[in-house]
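Read the structure below first, then the notes.
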Amino acid sequence: MKNIKRFLSLALCCAVFLCISPAFASASPIFPVTVTPYSTWKQLSSTSNSFDISDKGMASMSADTDGRSNSTEVTVAMYLERLQNGKWSTVSGMSWSDSTTDDFTIVISKSRAVVSGYYYRLRSEHSATGPSGTETDTVYSVTIYYGK
């Protein structure tokens with residue numbers, strides 16, 4: 001009798017799970033992500049950034065932009081952002097930018113100390129200009145909480 005009750009309980013749980021799982025599978029993601037395929041870009045070749053915080057509170061950040069061979073100007077800007085009161089904002093003095101007309105690639109790398117007790121992320125903005133106009137892309141890094 002005990003085994004029958006277990007079997008029926010398990011079967012009921014499985015039936016409930018199977019009935020509600022399609023509803024979860026069709027739900028929209030909490031944070032929708034828009035990805036632009038590189039193949040549609042005419043001026044940009046690739047964009048990326050990298051972000052990490054050491055256990056001693058040093059943030060390592062880099063961002064790079066690769067333009068296509070017909071690009072006449074390639075730019076990159078990066079911003080260290082902190083979450084405060086539910087809003088992301090650039091940390092004072094933590095934004096950098098650079099551009100080039102002599103090369104197809106540009107990279108910015110920085111290391112700075114951060115304050116404990118906050119979530120941080122790196123936002124980078126990339127652009128390339130050429131015969132097809134100017135293309136832009138914004139990249140967000142992973143979010144990292146730094147607390148001692």
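Counting begins at 1 with the first residue of the sequence. Keep in mind that what you see is a predicted model, and the values were worked out from it rather than measured.
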Exercise: identify the closest heavy-atom pair between Ser132 and Gln43: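 In terms of heavy atoms, the two residues are closest at N-OE1, 3.1 Å.
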
Taking all heavy atoms of Phe51 and all of Ser141, pick out the closest pair and write down the distance.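 Smallest interatomic distance, heavy atoms only, reads CD2-OG, 3.5 Å.
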
Please collect all salt bridge (charged side-chain N to carboxylate O under 4.0 Å, His left out) contacts where either partner lies in residues 47-61, sequence neighbours excluded, each pair once.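 Salt bridge (charged side-chain N to carboxylate O under 4.0 Å, His left out) check on residues 47-61 returns no pairs.
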
Taking a hydrophobic cluster as the set of Ile, Leu, Val, Met, Phe, Trp and Tyr residues connected by side-chain heavy atoms closer than 4.5 Å, whether directly or through intermediates, do Leu44 and Val76 fall within one such cluster?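 As far as the 4.5 Å side-chain criterion goes, Val76 and Leu44 are not connected within one cluster.
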
Within one Ile-Leu-Val-Met-Phe-Trp-Tyr cluster: Tyr146 and Met78, side-chain cutoff 4.5 Å: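 Yes: a chain of side-chain contacts under 4.5 Å links Tyr146 to Met78.
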
Sequence neighbours left out, what passes side-chain hydrogen bond (donor to acceptor under 3.5 Å, both in side chains) with Thr138? Give chain and number order.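 For Thr138 there are no side-chain hydrogen bond (donor to acceptor under 3.5 Å, both in side chains) partners, ignoring immediate neighbours.
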
Restricting to side-chain hydrogen bond (donor to acceptor under 3.5 Å, both in side chains), what partner residues turn up for Thr129, sequence neighbours left out?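 Listed in chain order: Thr134.
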
Just distance, no hydrogens or angles: give the donor-acceptor pairs under 3.5 Å from side chains in residues 88-110, sequence neighbours left out.
{"unit_1": "Thr100", "atom_1": "OG1", "unit_2": "Asp102", "atom_2": "N", "d": "3.1"}
{"unit_1": "Thr100", "atom_1": "OG1", "unit_2": "Asp103", "atom_2": "N", "d": "3.4"}
{"unit_1": "Thr105", "atom_1": "OG1", "unit_2": "Asp66", "atom_2": "OD1", "d": "2.7"}

Minimum side-chain heavy-atom gap Arg112-Leu80 below 4.5 Å: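 When only atoms from C-beta onward are counted, Leu80 and Arg112 do not touch, as no gap falls below 4.5 Å.
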
All N/O donor-acceptor pairs, side-chain side in residues 117-128, below 3.5 Å, sequence neighbours left out:
{"unit_1": "Tyr120", "atom_1": "OH", "unit_2": "Val115", "atom_2": "N", "d": "3.1"}
{"unit_1": "Tyr120", "atom_1": "OH", "unit_2": "Val115", "atom_2": "O", "d": "2.7"}
{"unit_1": "Arg121", "atom_1": "NE", "unit_2": "Glu81", "atom_2": "OE1", "d": "2.6"}
{"unit_1": "Arg121", "atom_1": "NH2", "unit_2": "Glu81", "atom_2": "OE1", "d": "3.0"}
{"unit_1": "Arg123", "atom_1": "NE", "unit_2": "Glu81", "atom_2": "OE2", "d": "2.6"}
{"unit_1": "Arg123", "atom_1": "NH1", "unit_2": "Glu125", "atom_2": "OE2", "d": "2.4"}
{"unit_1": "Arg123", "atom_1": "NH2", "unit_2": "Glu81", "atom_2": "OE2", "d": "3.3"}
{"unit_1": "Ser124", "atom_1": "OG", "unit_2": "Asn49", "atom_2": "ND2", "d": "3.0"}
{"unit_1": "Ser124", "atom_1": "OG", "unit_2": "His126", "atom_2": "NE2", "d": "2.8"}
{"unit_1": "His126", "atom_1": "ND1", "unit_2": "Asp64", "atom_2": "O", "d": "3.3"}
{"unit_1": "His126", "atom_1": "ND1", "unit_2": "Thr65", "atom_2": "OG1", "d": "2.6"}
{"unit_1": "Ser127", "atom_1": "OG", "unit_2": "Thr75", "atom_2": "OG1", "d": "2.3"}

